[in-house]
Amino acid sequence: PGKPKSERLDSIDALRAVAALAVGLYHVWGHDGTYPWPSIGVVTQSSNPHWLSYIDFPLRWGYLGVSLFLVLSGFCIHLGYARKKARSGSYEFRGREFFLRRIWRLYPAYAVAVVFTALLLWALQLFTAGKTHGHEPANAFDLLTHLTLTHGYFESTFYSIASVFWSLALEFQLYLLYPVFLWLFFRIGTGRAVILLTVVSISWRFYALQYLGDGLISISTTGPYVAMGCALARMPEWLAGAWLAERYVAGRGKNFEPWHFSRWASASLSALLFMAGIVSTLRQATWIVTDLLFGLAFCALVASAIFRIVPEHKTHSSALYRWLIQLGVISYSLYLFHLQLLWIISPVSDRLPGLLLPLLTRILWLGLSIFVIRKIFTVVERPFLFSPKPGSKLFGFYRQLQKIAGIETDTIPVAPVRKN
């Protein structure tokens with residue numbers, strides 16, 4: 001039915017908004033970073049935590065929004081191909097079209113964000129006596145590697161310019177591996193392929209932890225960032241989303257729920273896996289499965305949101321849910337630009353008295369930044385949500401890109417790129 005289909009896609013947008021807000025609030029909290037509970041890694045337990053840390057400590061886990069983004073990306077990217085396989089028995093993957101559409105959809109806003117951030121860092125150094133919050137102004141190598149999405153291959157550029165950009169390099173690595181994933185899905189089945197690739201990933205994480213450094217990305221201060229922030233280390237989260245897409249297509253229209261669980265059971269499983277992920281951060285020996293556990297937790301969360309068939313008379317109509325859906329549409333721009341806008345307010349919030357006022361100021365500023373980011377979305381992202389139609393301003397340029405990519409434009413129609 002039409003209504004449940006819309007509801008499921010709305011759920012994906014709402015979860016995108018949750019992921020983006022989680023990352024944003026993590027960066028709001030990051031200006032403080034005091035954590036009162038047992039913890040090791042990048043955020044250690046503070047010896048003398050202040051009273052506010054007992055209230056704002058959940059923000060410490062906001063970085064896990066990246067893990068949720070990975071699951072959602074795997075689900076949305078693979079969903080169309082899973083549908084093709086269900087119809088024809090083949091994924092019908094055309095690599096040139098796939099990569100052109102992914103670049104068209106994601107790269108323009110990303111490139112604008114990189115250049116804008118580099119200019120902002122230079123301006124901050126000039127006007128705030130060098131206070132750029134731990135980020136040096138971008139050099140030529142920083143710009144070159146970021147604009148070519150190769151910054152994830154070098155320790156010196158992994159977190160340079162803006163720390164949030166590392167995940168875009170990871171995402172592109174996953175796109176490069178996607179043809180391999182599809183080949184394995186077709187040859188041995190999606191479930192077996194996901195298990196096999198997860199074993200490979202855990203083996204790599206064990207090797208990196210033992211021989212390449214003493215920590216993992218997101219829960220360490222020493223790295224190795226490249227080894228643990230690459231596709232080989234983080235692909236299970238993305239693959240969990242792809243597996244979920246296959247299950248979604250297989251069960252659509254049959255009142256299917258994963259493992260015959262109810263929505264509440266899936267949500268409960270998500271909570272248990274999430275707690276297991278948190279516990280796994282307390283010992284370095286178990287860090288090899290930390291991201292996997294969080295990925296599975298978010299996989300169960302997404303399942304609870306999309307698999308339940310919603311009766312037509314029971315639609316989500318709350319203002320909060322509608323707002324999350326709208327925010328999910330601009331979540332990519334929010335992810336790309338929120339940190340830089342927080343840099344702008346930091347010189348002011350850092351001088352405010354007390355503990356609560358600076359935090360509330362940064363949270364308020366993050367909320368106000370959404371209005372600015374909505375305008376940014378309109379200008380730099382929305383024109384690239386879909387492949388341009390004949391007669392539009394960008395159609396000629398897109399046709400030239402198709403020709404450069406070797407795509408037969410006379411025989412292959414210009415199809416819209418899914419916003420998901």
Side-chain angles (χ1 to χ4, degrees), residues 38-45 60-61 63-71 73-74 150-159 163 166-181 183-185 187-244 269-270 272-300:
S39 180
I40 55 177
V42 69
V43 182
T44 58
Q45 182 179 16
R60 173 256 193 271
W61 298 99
Y63 75 87
L64 294 177
V66 173
S67 186
L68 177 54
F69 270 129
L70 289 174
V71 173
S73 175
T150 57
H151 57 286
Y153 298 108
F154 305 98
E155 290 288 325
S156 63
T157 60
F158 191 88
Y159 277 139
S163 58
W166 75 269
S167 64
L168 277 300
L170 168 62
E171 188 77 17
F172 190 68
Q173 292 173 28
L174 289 165
Y175 293 159
L176 293 175
L177 286 175
Y178 187 49
V180 178
F181 297 160
W183 182 81
L184 284 172
F185 290 173
R187 296 290 295 180
I188 64 175
T190 306
R192 291 187 181 91
V194 170
I195 293 173
L196 173 63
L197 291 167
T198 298
V199 171
V200 171
S201 179
I202 293 175
S203 300
W204 168 254
R205 291 169 68 88
F206 176 81
Y207 173 79
L209 180 62
Q210 295 295 320
Y211 301 107
L212 300 181
D214 60 357
L216 303 184
I217 186 174
S218 300
I219 50 176
S220 73
T221 55
T222 57
Y225 299 124
V226 169
M228 300 315 306
C230 67
L232 192 58
R234 300 300 297 264
M235 60 185 179
E237 297 149 275
W238 200 92
L239 290 167
W243 173 85
L244 199 59
L269 176 62
S270 175
L272 289 174
L273 288 167
F274 186 79
M275 292 303 299
I278 291 177
V279 171
S280 74
T281 67
L282 300 180
R283 295 187 60 189
Q284 284 188 331
T286 55
W287 284 1
I288 59 172
V289 295
T290 294
D291 291 321
L292 170 62
L293 290 170
F294 286 132
L296 292 175
F298 287 125
C299 183

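By convention here, the first residue in the shown sequence is residue 1.
For the pair Ser73 (side chain) and Leu70 (backbone), a donor-acceptor distance under 3.5 Å is absent.
Between Leu216 and Thr290, every side-chain heavy-atom pair lies at or beyond the 4.5 Å cut-off. Using a 4.5 Å heavy-atom threshold, the side chains of Trp166 and Tyr225 count as separate. By the 4.5 Å heavy-atom criterion applied to side chains, Trp61 and Thr281 are counted as neighbours. Pro224 places none of its side-chain heavy atoms less than 4.5 Å from the side chain of Phe158. You'll find the side chain of Glu171 stays beyond 4.5 Å of the side chain of Phe69, heavy atoms only.
Leu170 approaches Gly229 most closely through the heavy-atom pair CD1-O, 3.7 Å. Smallest separation of non-hydrogen atoms from Gly277 and Ser280: O-OG, 2.6 Å. Contact detail for Thr44 and Gly41: the closest heavy-atom pair is CG2-O, 3.4 Å. Across every non-hydrogen atom of Leu282 and Ser39, the tightest pair is CD2-CA, 4.0 Å.
In this structure, CG in Asp291 is found 5.0 Å from CD in Glu237, a value given to the nearest 0.5 Å. In this structure, Leu239 CG and Leu244 CG are separated by 12.5 Å, a value rounded to the nearest 0.5 Å. Rounded to the nearest 0.5 Å, atoms CH2 (Trp287) and CZ (Arg283) are 12.0 Å apart. Distance check, rounded to the nearest 0.5 Å: NE2 of His151 to OG1 of Thr157 gives 7.0 Å. With rounding to the nearest 0.5 Å, the separation of CE in Met235 from CG in Leu292 is 11.0 Å. Taking CZ of Phe298 as the start and CG of Leu293 as the end, the distance is 11.5 Å to the nearest 0.5 Å.
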Distance-only donor-acceptor pairs under 3.5 Å for side chains of residues 193-204, two or more places apart:
unit_1, atom_1, unit_2, atom_2, d
Thr198, OG1, Val194, O, 2.7
Ser201, OG, Leu232, O, 2.9
Ser201, OG, Ala233, O, 3.1
Ser203, OG, Val199, O, 2.8
Trp204, NE1, Ala227, O, 2.8

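Among residues two or more places apart in sequence or in another chain, the side-chain hydrogen bond (donor to acceptor under 3.5 Å, both in side chains) test is passed with Tyr178 by His78. Under the ring pair (Phe, Tyr, Trp, His ring centres under 6.0 Å) criterion, Phe274 pairs with Phe294, sequence neighbours left out.
Taking the six-membered ring where tryptophan is involved, the planes of Tyr207 and Tyr211 are tilted, since the angle between them lies from 30° to 60°.
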